Amino acid sequence: MPELPEVETIRRGLEDVLVGREFLGAEVLWGKSLVCEGVDVDDLRGCEVLAVERRGKFLVMRFSSGFVVTVHLRMSGRLIAEEDGGELPFERVRMRFSGGLNLKFCDMRKFGRVWVSSAEEYEKLTGIWKLGPEPLLGDVGAEVFEGKRGAVKKVLLDQTVLAGVGNIYADEACFYAGVRPDARMEKLSRGQLEKLFEGVVVALKQGIRNRGTSISDFEDAFGGKGKNQELLYVYGRGGKECLKCGGVLERGKVAGRTTVWCEVCQGEVQGKLEF
DNA sequence: CCCCTATCCTGAGGGC
DNA sequence: TGCCCTCAGGATAGGG
């Protein structure tokens, strides 16, 4: 479910309520959801939350004494911060903080993870070390796609190329750029690569501005819904009319993932982006 | 090297 | 109503 904009939405919510709180303890309701490396989760008792950061689709919580808690929501994970002590559906890990605040990691499909480690270990433990650059920092551009081979969508989903893009925003970025998701990256012109990068940035920023895409049931840190699902051009709209040209949107598999695109609008670069 | 599939899991929704 | 099948936004290992 969650891609960069959804994780960023959660991060902002958690930053507001978590920084400065003291960690009191954790309850593990499903053992595989919590992975500790060289640390026991009880070691964090008494530590203070210093910062809530995001790297790609990972959420990184920094604690005093050099501890780090990293979360990846994968397909169905959610992080809910609330004072209510009741057990939520599919709750897997609960972290208790001062002031009665509980951080509840819920994950129906159990693919998500919460890692506890030292600040020195967390990148290696979680795989964050191999992520590509952040798309929204403004320090990289279309050059990240240069020399990459294979379907455009496959490259967009490759977290080592660029961190944070998933299925929804990959399809939207291709539409914005006027590029077919099954086009070969190595055959795109420099201009098309720039359009594609710009498309990624536009799609992600719009997602953040609208507090995420609540397609199945994405929720922010307080159970609120995003509204980006109302602003998607292609994702989830296979067989429906293209909002730009009125034609019928195609649906198929690219890079093993359900993909939607417009044969007319994504045949070639259409000129300057107007989104 | 490239692409596809299976796998980790569970529930929703469609077809019959 | 109920059963069975397919599908789902992530990531990675392994096979052809």
Side-chain angles (χ1 to χ4, degrees), chain A residues 1-10 29-35 54-59 70-79 88-93 105-115 123-132 135 147-175 181-187 200 203-204 206-208 210-220 225-239 251-261:
Chain A
M1 161 200 331
E3 306 179 33
L4 186 154
E6 289 73 36
V7 178
E8 178 62 19
T9 299
I10 293 171
L29 292 80
W30 179 257
K32 286 185 180 176
S33 295
L34 182 72
V35 176
R54 179 191 56 73
R55 181 75 172 89
K57 303 174 191 172
F58 292 83
L59 196 78
T70 310
V71 179
H72 198 305
L73 302 169
R74 291 283 177 93
M75 297 283 265
S76 60
R78 297 153 93 178
L79 272 174
L88 291 176
F90 315 115
E91 190 175 337
R92 308 300 184 198
V93 179
F105 173 71
C106 305
D107 188 19
M108 183 186 81
R109 291 175 71 180
K110 299 177 175 172
F111 293 163
R113 287 291 178 274
V114 178
W115 294 273
E123 290 207 16
K124 181 139 284 178
L125 176 64
T126 60
I128 283 177
W129 67 275
K130 53 185 163 184
L131 290 180
K148 305 301 177 194
R149 304 169 52 81
V152 164
K153 177 147 174 184
K154 191 209 75 168
V155 177
L156 290 179
L157 294 176
D158 185 341
Q159 303 297 300
T160 70
V161 173
L162 207 51
V165 179
N167 205 29
I168 297 174
Y169 296 96
D171 277 12
E172 294 297 307
C174 287
F175 182 82
D182 60 349
R184 307 287 304 186
M185 188 68 93
E186 66 270 25
K187 294 203 171 165
V200 168
L204 293 176
Q206 183 194 271
I208 293 172
N210 292 287
R211 302 183 56 79
T213 301
S214 295
I215 278 283
S216 63
D217 55 2
F218 163 72
E219 293 181 351
D220 65 24
K225 304 278 188 195
K227 59 183 168 83
N228 199 55
Q229 64 279 5
E230 300 161 15
L231 301 166
L232 300 177
Y233 282 89
V234 284
Y235 176 80
R237 302 193 64 250
R251 183 178 189 270
K253 290 267 183 200
V254 179
R257 314 296 298 279
T258 298
T259 301
V260 180
W261 71 96

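Fair warning: this is a prediction, and the values are worked out from it, not measured in the lab. Chain letters run A, B, ... following the sequence lines, proteins first, then strands; residues in each count from 1.
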With nearest nucleotides of DNA chain C determined for A/Leu157 and A/Thr258 from heavy-atom distances, which residue corresponds to the more 5′ nucleotide? A/Thr258
Any A/Tyr235 side-chain nitrogen or oxygen under 4.0 Å from OP1 or OP2 of C/dG9: yes
Distance in angstrom units between A/His72 NE2 and C/dG9 P, rounded: 14 Å
Dump every N/O contact between nucleotides 8-11 of chain B and the protein below 3.5 Å, one line per pair.
{"residue": "B/dC9", "atom": "OP1", "partner": "A/Lys32", "partner atom": "NZ", "Å": "2.5"}
{"residue": "B/dC9", "atom": "O2", "partner": "A/Arg109", "partner atom": "NE", "Å": "3.0"}
{"residue": "B/dT10", "atom": "OP1", "partner": "A/Lys110", "partner atom": "NZ", "Å": "2.7"}

Under 4.0 Å between any heavy atoms, over every strand shown, what does A/Gly166 touch: base, sugar-phosphate, or nothing? Just pick one. sugar-phosphate
Looking only at non-hydrogen atoms, find the nearest pair between A/Trp115 and A/Val71 and report the distance. CZ3-C, 4.2 Å
Without decimals, in angstroms, what is the distance between A/Glu3 CD and C/dG9 P? 9 Å
Would you give the length of the straight line joining atom CD1 of A/Ile168 to atom CG of A/Leu4, rounded to the nearest 0.5 angstrom? 12.5 Å
Tell me the salt bridge (charged side-chain N to carboxylate O under 4.0 Å, His left out) pairs involving residues 149-164 of chain A, sequence neighbours left out? A/Lys153-A/Asp171
Send over the distance from A/Leu73 CG to C/dA11 P, rounded to a whole Å. 10 Å
Could you tell me how far B/dG11 sits from C/dA11 if I compare only their P atoms? Round to whole Å. 22 Å
For the side chain of A/Thr126 and the backbone of A/Ile128, is there at least one donor-acceptor N/O pair under 3.5 Å apart? yes
Would you measure the distance from the P atom in C/dA8 across to the matching atom in B/dC4 and give it in whole Å? 16 Å
Does A/Lys154 place a side-chain N or O at less than 4.0 Å from the phosphate oxygens OP1/OP2 of B/dC2? no
Sticking with atom P, work out how far C/dT6 lies from B/dT5, rounded to a whole angstrom. 14 Å
Do the charged groups of A/Lys225 and A/Glu219 touch, with an N to O distance under 4.0 Å? yes
d(A/Ile208 CD1, A/Glu3 CD) to nearest 0.5 Å is 11.5 Å
Could you tell me whether the phosphate oxygens of C/dA8, OP1 or OP2, come under 4.0 Å of any side-chain nitrogen or oxygen in A/Lys253? yes
Between NZ of A/Lys153 and P of B/dC3 the distance, given in whole Å, is 15 Å
Taking CG from A/Asp158 and P from B/dC4, how many angstroms apart are they, rounded to a whole number? 15 Å
Taking atom OH of A/Tyr235 and atom CD of A/Gln229, what is their separation to the nearest 0.5 Å? 11.5 Å
Around atom CZ of A/Arg211, are there more than 12 heavy atoms from other residues, nucleotides or ligands closer than 6.0 Å? no
Separation of C/dA11 atom P from A/Leu4 atom CG, nearest Å, is 11 Å
side-chain N/O A/Lys130 vs C/dT12 OP1/OP2, d < 4.0 Å: yes
On a heavy-atom basis, the closest approach of A/Asp107 and A/Gly77 is OD1-N, 3.3 Å
Using a 3.5 Å limit for the pairing distances, which stems of at least 3 consecutive Watson-Crick or G-U wobble pairs does DNA chain B take part in? B:2-8 with C:10-16, B:10-16 with C:2-8
Quick one: which of B/dC2, C/dG9, C/dT12 gets closest to the side chain of A/Arg149? B/dC2
Does A/Phe218 offer a backbone N or O that forms a donor-acceptor pair with the side chain of A/Glu6 under 3.5 Å? no
Can you tell me how far C1' of B/dT7 sits from CZ of A/Arg113, to the nearest Å? 12 Å
Report the distance from atom CZ of A/Arg251 to atom C1' of C/dC7, rounded to the nearest whole Å. 8 Å
